[in-house]
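All remarks here apply to the structure that follows.
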Amino acid sequence: MSHRLFRALAPAVFLLLATLPLTAQATELKYDHRVAGDRALTIRLGPIFPQTFQAFDGTTAATHLTMGGTMSIDLDFYLNDSFRLGGGLKGKATTSPNEATLFMVPITFRAIWEPKINHFSFPMGLGAGFSFTNFRTYTSFDPTLIPTAGAFWNMSSSWSFGLEASQWIVFQPVYGGTAPASDGRIAYFADLTIGAIYHF
Amino acid sequence: MLFLLAASCTSGTEGIFASIEREQKVVALGGLSSTASVTSMAELSGQYFATGGKALFARSTATGTTKWTNATVGRNTQVVAVGTAGGKLFAIAGGVLYRAVDASVAVTDLVWNAVDLGSGDTAENLVPVRQGDGVTSNELIVVSNTSGVHNNIYRLEGTSGALSAAIVLPVVAPFGVQSAIFDGTNYYLLSETSITRMTSSLVATEVLKSNVYGHDFAGILYLNGTSAVGNHAGYYLTTMSNASVGGGLYKATTMPSFSALTTSIQISSNPASLGTMLYNKDNDHVWIGTVAANAVTEGRGYVEIVLSSDTLSTVPFTGSNNYTSTVLPTSAVGLLFRSSTGLYFLGTIANGLWTWNSTGTATTSTWSQQ
């Protein structure tokens, strides 16, 4: 009885099992949102580490800033399967020895190359733009470069999760105002963030 | 990239990152100690500032406020002098002259810019330039030394606080300029060994040596006779004591022709040096801080010149008050200061800062320690 039942059901079971990979492949091909014309919305959160201040004559000095926090949101557009262009808004806060807060809000245009291996993507690229900088009663508008690299697990066609590291390079030349030109500095910060990318 | 650099824009009087780089944690010591030495004081933007070799102390000028807060200057806890010139706050710490970007903020939030003296000079002291009423000073003399020699001074002028070029003194005194006045025409700069006249174009000439009087000079004061209560005009000069002979008090109506009012002051039968002077424009007396002979931290309190008779009273402020029951009569008084509202301060060596709790001509009040 049981043999007869197995023989009767086996073709159906094999047929059902055989269709599963085909179904998965068809879904992936149909819904993968990491191809030309798609968009990627990235949000990140993590610590940021002040590294050094560098004068324009090349000398460097300690920042005296504490480790801070950063968060960001980016919107990129895929030009092909592994290259996207977009823009980003970041924010960070760190504190000085006397607990005054240094706020920085960089707005950058980004170019990201994103090679993929199996279920992982490795976005790396460069953002260039400006930072709004505020400290005590001072404000500044500073040219900024942010190279970045990360590793993300593509959990589904729409969602990726991973880690990303960015180097902030903020140029603050001083000229034309009441501050001395010798106060010009380049500030270096590094952040390490966890991120989620929504592809659509 | 060039475009990005060209588009940078920074507000304020210093670079943000540079100011953070210079910032150091403020040292909070909990206020003025009863054993602090206070030798320098200033008032600006609703705050009093005081120092005497430790951190910079400050408190609000608001009536009833007594809490002092302290802070470093630049990255230094050794703040030796504070003063105002041209409406700006200056301080000397670690051999560097600093100017506060904005004196109206809390002392722990003050941002300081170093002011370079140039010529390899190290800033050593700030001397207020007392003017016609013997109280007002909106200029400062920066005493500097070069390899330990006090041959240069600088002036921080009264309009914008701008620093002059180095002014070469004709005579080098061991401790530099101690006291300064401006009589409307000339500056007179007093060191322990001489008095130097300096024109308004900053040319300095020695006019009097202290060996004429047998004692080192200690202080100088000028009253122009118009703003004083009793309209007393003249120049007053004090001298140091030696082990057995007290300091003297001299007066001139034209510089530098001094005549003695008293040549050897004794307080409680002890010779005392007469030092810094301040005109009490409220009761028409001149106050003089004293230092005991051959002692740095011990003193004889303060005494007064009664201007109506040009006599020296060793029983100061003769109204009913607690002066004699405090440590003041045995304190070395190195600072006399009158606030814009008429509050008087005595800065002592190692016995803290004291204030007379009334303004104006009141003589029946009390001294209290800050």
Side-chain angles (χ1 to χ4, degrees), chain A residues 50-56 59-66 94-104 106 108-109 126 128-145 168-189, chain B residues 1-29 45 55-56 58 69-77 86 88 96-116 118 160-163:
Chain A
Q51 295 170 297
T52 190
F53 290 146
Q54 182 179 32
F56 283 91
T59 57
T60 58
T63 67
H64 301 119
L65 292 165
T66 60
T94 51
T95 54
S96 76
N98 294 304
E99 293 166 7
T101 304
L102 171 69
F103 290 106
M104 297 176 69
T108 58
F109 292 101
L126 178 68
F130 288 87
S131 290
F132 293 96
T133 305
N134 175 262
F135 181 71
R136 299 189 193 274
T137 57
Y138 297 153
T139 55
S140 186
F141 188 60
D142 306 316
T144 300
L145 291 175
W168 299 34
I169 307 170
V170 183
F171 299 84
Q172 191 177 83
V174 176
Y175 54 86
T178 53
S182 59
D183 272 7
R185 295 288 186 277
I186 305 169
Y188 297 88
F189 303 88
Chain B
M1 198 63 231
L2 284 174
F3 163 74
L4 293 178
L5 287 173
S8 179
C9 172
T10 303
S11 72
T13 54
E14 59 182 341
I16 292 176
F17 297 142
S19 74
I20 297 170
E21 179 185 308
R22 288 189 282 262
E23 184 170 322
Q24 196 172 50
K25 186 162 179 59
V26 167
V27 178
L29 301 174
S45 302
L56 181 68
T69 308
N70 59 11
T72 49
V73 170
R75 295 181 181 177
N76 301 281
T77 55
K88 296 188 169 58
V96 176
L97 174 66
Y98 289 93
R99 182 184 64 241
V101 173
D102 177 4
S104 65
V105 299
V107 65
T108 51
D109 290 334
L110 284 173
V111 176
W112 296 93
N113 277 347
V115 181
D116 187 13
S160 65
L163 183 75

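Since the model is a prediction, treat every value here as computed from it, not as a measurement. All chains are named by letter (A, B, ...) in the order of the sequence lines, taking the proteins before the strands, and each is independently numbered beginning at 1. Hydrogens, waters and symmetry mates are skipped; everything else that's a heavy atom, side chains included, is used.
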Item to check | Approximate separation, where rounding is to 0.5 Å, of T94(A) OG1 and I20(B) CD1 | outcome: 6.5 Å
Checklist outcome for this item: Separation between CZ (F103(A)) and CD1 (I16(B)), nearest 0.5 Å, reads 12.5 Å
Checklist entry - Does any heavy atom of chain B fall under 4.5 Å from the side chain of T63(A), the backbone, both, or neither of them? => result backbone
Checklist entry - Between atom CZ of R185(A) and atom OG of S19(B), what is the distance when rounded to the nearest 0.5 Å? => result 9.5 Å
Next on the checklist: Run the ring pair (Phe, Tyr, Trp, His ring centres under 6.0 Å) test against F132(A) and tell me which residues pass, sequence neighbours left out.
Outcome noted: F141(A)
Checklist entry - Considering the options I186(A), V170(A), L65(A), which one meets the side chain to side chain contact (heavy atoms under 4.5 Å, CB included) requirement together with F17(B)? => result V170(A)
Next on the checklist: Quick check on V105(B) against chain A: is it the side chain, the backbone, both or neither that has a heavy atom closer than 4.5 Å?
Outcome noted: neither
Next on the checklist: When you compare the side chain of V101(B) with that of Y138(A), does any pair of heavy atoms fall below 4.5 Å?
Outcome noted: yes
